[in-house]
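Below is one structure; the comments refer to it alone.
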Amino acid sequence: MLLSMRGIEKRFAGVAALSGATLEVAPGEAHALIGQNGAGKSTLIKILTGYHRCDAGTMEFDGQPLDPRSPAEAQALGISTIHQEINLVGYRSVTENICLGRESRRFGLLDWRAMHREAQAALARLGLEIDVRRPLADYTTAVQQMVAIARALGFRAKLVVMDEPTSSLDDREVAVLFDVIRRLKADGVSVVFVSHKLDELYAVCDRVTVMRDGRTVRVAPMDGITRLQLVSDMLGRDVADSEATGAAAQAARAGEEMLAIEGLHAPPRVRGASLSVRRGEIVGLAGLLGAGRSETVRVAFGADAAADAGQLRFEGRPFSPTEPREAIRAGIGFCSEDRKVESIVPEMSVRENLTLALLPHLARAGVVDEARQREVVDRFIRRLGVRCAGPEQPIRELSGGNQQKVLLARWLCMDPKLLILDEPTRGIDVGAKAEIQALIRELAEGGLAVLMVSSEVKEIVDGADRAYVMRDGRTVAELSGGRLTEDALMAAMAHGPHEAVLAEGAPHE
């Protein structure tokens, strides 16, 4: 093996990020590394590339013990990384980016002629001929990706780690990248390919390592494992044993349509999303990480750039919010996936966080009516059962479940018509999760329309009246009633829109 990582352990603040993880890569092999968010992929790669050091385990690279203490040391050994976000210098020339940190010199001065030749040769190896004297920013994302690869190979890389390299590429550019990977393999260079797009894995990879909860749960040749098995391994649920437990669905309760999305395109992540949500209904939005779920609901809330194709309707009228305040005025609330970064203000109190969106309605002539504010806060703390020392306690001191209740209260006090919840129970304990799920059901029974994004198949099946499945930016299935099962959801995640899953009710493109 070119690379062998065995029994890798890593803890952060006492919490295990890796528990006996394993990764082995053969010479000239394209090896897929996959897993859901929090599976441990990034931590394993950071240990491999010298950003972190492992707490336990053994590593070997090219027949020698491996223990890089920095990314530069790993690079010197022949391990290069191409990150999801291209971290090159746009205003510098292509040559400067390729040769950065290892510039050729002659008589103490930069040898530009030699460096230009080196850059041209490196790109020619990848089948690319461009003017290397021009600024990198003049070129497309795909060309910049090729430059990043050329730079990595310039360090005489024996192993190239590609972290979601196709996330910002179109189909034609992806095909070019795959051709480059095949050339690398033919030259004996190995590739660790991190992606959530299953079709890409089968197109270019030889073997796959699946991680879950910090552990390696499967290593298999790509031609020896099905998409359904990969999805099952990532989610940690046995498809064969799963049951249809969606008894909570009460579609008859649903009223008029609140939100409709048809053929939404917002590249690069959303490429044909369609769904609808009715009053009094919980609609689940499922799919693997990177499927375009969060990006779709963020467009609907105005949090991301507007779509360049497709239609949105809210309460039967055309709707295209360019910023969140427009969606809020229309009656939409949104709990973001990243609670700590995009939702709570850690140093503010429970009171301040809870009424953040309501402040314009509580103020007169720029002065907040504190009596009304206290009444609202006390009412929703009681209604949602928020466990805190009092309204003035900093929200950062609350548990994850109670922080999430405060965020729900933030939107409920606005009396919304539609509530969008992106991963509403992520990072909270089992007890708090059950409380949040019961609260969401209670809100729907009261007439609120709920659109819920979740990575947990069981949460969708148990909690939603209907569910849509997204894959590679497209809606590939709609499931409801007896068809809303864990088997059907995972099958839709694993297969494309033109396969049997369409029989389950997926919109046709």
Side-chain angles (χ1 to χ4, degrees), residues 249-287 291-337 357 411-412 414-422 424 440 443-454 460 464-481 484 492 497 502 505-509:
Q250 299 177 14
R253 185 187 63 249
E256 68 273 21
E257 184 179 81
M258 296 301 299
L259 175 70
I261 297 175
E262 296 178 359
L264 189 72
H265 281 251
R269 288 294 179 87
V270 183
R271 303 184 180 189
S274 298
L275 59 86
S276 67
V277 190
R278 300 193 294 269
R279 185 183 299 278
E281 180 183 44
I282 300 175
V283 170
L285 189 56
R293 302 164 305 168
S294 295
E295 291 80 1
T296 297
V297 298
R298 288 177 67 86
V299 169
F301 187 64
D304 285 348
D308 59 14
Q311 293 184 340
L312 281 86
R313 293 192 307 275
F314 188 69
E315 293 188 293
R317 294 184 294 274
F319 182 64
S320 182
T322 57
E323 56 182 0
R325 75 173 66 186
E326 295 178 27
I328 294 170
R329 286 174 185 157
I332 301 175
F334 177 65
C335 285
S336 169
E337 174 184 16
W411 297 112
L412 294 179
M414 299 287 293
D415 193 23
K417 300 170 184 176
L418 168 68
L419 186 57
I420 300 174
L421 305 174
D422 195 353
I440 292 170
L443 295 172
E445 289 173 349
L448 182 65
V450 179
L451 176 57
M452 178 178 68
V453 177
S454 178
I460 295 283
D465 302 312
R466 288 188 299 123
Y468 293 89
V469 180
M470 292 190 66
R471 185 172 182 271
D472 297 339
R474 297 174 174 85
T475 301
V476 297
E478 178 188 355
L479 303 166
S480 61
L484 181 49
L502 284 171
H508 290 264
E509 296 180 320

Inset, instruction - Tell me, with the steps shown, if L451 and L275 meet side chain to side chain contact (heavy atoms under 4.5 Å, CB included). - result: CA-CA 10 Å; L451 176 57; L275 59 86; 4.2 Å; yes
Inset, instruction - Determine, stepwise, if the pair E295 / R298 fulfils side chain to side chain contact (heavy atoms under 4.5 Å, CB included). - result: CA-CA 5 Å; E295 291 80 1; R298 288 177 67 86; 5.7 Å; no
Inset, instruction - Decide yes or no on side chain to side chain contact (heavy atoms under 4.5 Å, CB included) for L312 and S320, but give the supporting numbers first. - result: CA-CA 6 Å; L312 281 86; S320 182; 5.9 Å; no
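Partners of S276 by side-chain hydrogen bond (donor to acceptor under 3.5 Å, both in side chains), not counting sequence neighbours, listed by chain and number: R466, Y468. For E315, the salt bridge (charged side-chain N to carboxylate O under 4.0 Å, His left out) test picks out R317, K417, with sequence neighbours left out. In terms of the side-chain hydrogen bond (donor to acceptor under 3.5 Å, both in side chains) criterion, residue partners of E262 (sequence neighbours excluded) are, by chain and number, R313. The side chain to side chain contact (heavy atoms under 4.5 Å, CB included) check on I328 picks up F301, W411, M414, with sequence neighbours excluded. In this view, S294 and E337, D422 satisfy the side chain to side chain contact (heavy atoms under 4.5 Å, CB included) rule, not counting sequence neighbours.
Between A300 and A327, the shortest heavy-atom contact is O-CB, 4.4 Å. Summarising the geometry of A449 relative to R279, their closest heavy-atom pair is CB-CA, 4.1 Å, with the distance given to 0.1 Å. Across every non-hydrogen atom of A444 and I282, the tightest pair is CB-CG1, 3.5 Å. In this structure, A266 and A307 approach most closely via the heavy-atom pair CB-CA, 4.2 Å. Across all non-hydrogen atoms, the minimal contact from G284 to A464 is N-CB, 3.7 Å. In terms of heavy atoms, G333 sits closest to P416 at N-CB, 4.2 Å.
Not a single donor-acceptor pair under 3.5 Å links the side chain of D304 to the backbone N or O of V299.
Taking CE from M470 and CZ from R271, the interatomic distance works out to 11.0 Å, rounded to the nearest 0.5 Å. Summarising the geometry, atom CG belonging to L484 is positioned 10.5 Å from atom CD belonging to E478; distances are rounded to the nearest 0.5 Å. For the atom pair L419 CG and I332 CD1, the distance stands at 10.5 Å (nearest 0.5 Å). Distance CD/E281 to CD/E256: 11.5 Å, rounded to 0.5 Å. Taking CG of D308 as the start and CG of L264 as the end, the distance is 8.5 Å to the nearest 0.5 Å.
Among pairs with a residue in residues 307-326, those fulfilling ring-ring contact (aromatic ring centres under 6.0 Å, His included) read F314-F319, at least two apart in sequence or across chains.
Residue T296 forms a side chain to side chain contact (heavy atoms under 4.5 Å, CB included) with just one option from T475, V453, I261, and that option is I261.
The side-chain heavy atoms of V277 and I420, taken from C-beta on, include no pair separated by under 4.5 Å.
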